[in-house]
Amino acid sequence: MENHTEPHSSAVRLDDPWYAAPASGRGEPADTGAAVPAASVAPTAPERGPGAADIYLEVQRSPAFQEVRGRYRRFVIPAVLTFFAWYVAYVVAATTAPGLMARPVAGAVNVAMVAGLGQFLTTFLLTWAYSRHARLRRDRAALDLRWTVFEQKHEQEMAQGDDR
């Protein structure tokens with residue numbers, strides 16, 4: 001890329017690392033390489049229906065959404081607290097009770113190694129339990145909510161199309 005050192009009216013500093021590679025449609029036209037003042041490049045926002053946010057707020061307030069969120073929280077909060085307590089217990093035991101952690105279990109394997117491997121095992125078990133919980137208790141309800149939102153947005157778009 002070429003580095004422009006000529007003065008221009010935009011507020012971009014010459015030592016700006018992104019100056020030589022402006023984003024598409026911003027800063028310089030693709031055909032000339034000349035700088036364009038930032039004020040002349042008007043960003044265009046996609047038009048959305050006036051009620052899109054209302055649909056999402058309505059869904060968020062619905063009993064079905066609250067039930068899905070409640071099921072999520074009833075699983076995640078205790079799981080995170082339990083796993084965090086288990087992790088902190090391992091760290092505290094490793095620092096305050098080195099004799100206990102060094103106690104052999106089988107051959108060269110000691111309590112610290114078993115507990116460390118237990119950390120990995122509980123991570124995998126927690127991942128499995130989370131995915132199972134999501135599949136059995138939340139996915140169907142979340143999918144139903146998604147279809148409800150899709151249908152409401154589709155109806156809204158159709159109504160806006162009829163108004164035009």
Side-chain angles (χ1 to χ4, degrees), residues 1-4 10-28 30 38 41 43-49 51-157:
M1 289 251 145
E2 93 182 356
N3 189 2
H4 298 283
S10 70
V12 176
R13 295 185 351 212
L14 294 178
D15 59 345
D16 184 354
W18 296 104
Y19 178 75
S24 175
R26 302 174 110 193
E28 63 183 74
V41 179
T44 58
E47 290 187 28
R48 290 191 350 205
D54 296 333
I55 292 171
Y56 289 108
L57 288 173
E58 180 183 336
V59 169
Q60 188 177 11
R61 291 182 189 120
S62 72
F65 181 83
Q66 296 302 320
E67 180 63 27
V68 170
R69 293 298 295 171
R71 289 177 183 175
Y72 172 79
R73 287 185 186 116
R74 282 190 297 274
F75 179 85
V76 169
I77 292 172
V80 167
L81 291 176
T82 302
F83 186 79
F84 185 71
W86 162 226
Y87 174 76
V88 169
Y90 174 77
V91 172
V92 168
T95 57
T96 60
L100 171 69
M101 298 300 270
R103 187 171 295 161
V105 174
V109 178
N110 60 18
V111 172
M113 292 174 78
V114 171
L117 291 173
Q119 292 283 318
F120 285 104
L121 179 64
T122 54
T123 301
F124 291 118
L125 286 174
L126 186 60
T127 302
W128 171 80
Y130 177 82
S131 64
R132 183 176 185 275
H133 182 268
R135 185 180 71 249
L136 295 177
R137 309 222 189 254
R138 294 191 322 265
D139 285 352
R140 176 61 55 194
L143 185 61
D144 291 342
L145 280 170
R146 187 177 302 150
W147 278 109
T148 300
V149 170
F150 175 76
E151 288 171 356
Q152 288 178 352
K153 285 180 71 174
H154 182 68
E155 289 171 7
Q156 182 185 42
E157 290 170 358

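When reading the values below, keep in mind they use all heavy atoms of this one structure, side chains included, and skip hydrogens, waters and symmetry mates. Model, not experiment: these values are computed from the prediction.
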Next item on the list: Could you give me the CA-CA distance, side-chain angles and deciding distance for E67 and R74, then say whether salt bridge (Lys or Arg N to Asp or Glu O under 4.0 Å) is met?
Entry: CA-CA 10 Å; E67 180 63 27; R74 282 190 297 274; 3.4 Å; yes
Check: Atom CZ of R132 and atom CZ of R137: how far apart are they, to the nearest 0.5 Å?
Finding: 7.5 Å
Notebook entry, point to check: Of the non-hydrogen atoms in P104 and G107, which two are nearest, and what is the gap between them?
Noted result: CB-O, 4.0 Å
Note to self: Quick check for you: to the nearest 0.5 Å, what is the distance between F120 atom CZ and L125 atom CG?
What the structure shows: 13.5 Å
Next item on the list: Kindly compute the distance separating CZ (R140) from CG (L145), expressed to the nearest 0.5 Å.
Entry: 12.0 Å
Check: Roughly how far, to the nearest 0.5 Å, is the CG atom of L126 from the OG atom of S131?
Finding: 9.5 Å
Item checked: Pairwise distance OG1(T122) to CG(L117) - rounded to 0.5 angstrom -> 10.5 Å
Check: Are any non-hydrogen side-chain atoms of F83 and Q119 less than 4.5 angstrom apart?
Finding: yes
Margin query: Could you check whether any side-chain heavy atom of F65 comes within less than 4.5 Å of a side-chain heavy atom of R69, counting everything from C-beta outward?
Written below: yes
Next item on the list: Could you tell me the separation between the CE atom of M113 and the CE atom of M101, rounded to the nearest 0.5 Å?
Entry: 11.5 Å
Notebook entry, point to check: Would the number of heavy atoms belonging to other residues, nucleotides or ligands and lying under 6.0 Å from CZ of F75 be above 12?
Noted result: yes
Margin query: For the CZ atom on R138, are there more than 12 heavy atoms of other groups (residues, nucleotides or ligands in this structure) within a distance under 6.0 Å?
Written below: yes
Checklist line | Least distance between heavy atoms, N110 atom then V105 atom | finding: C-CG2, 3.7 Å
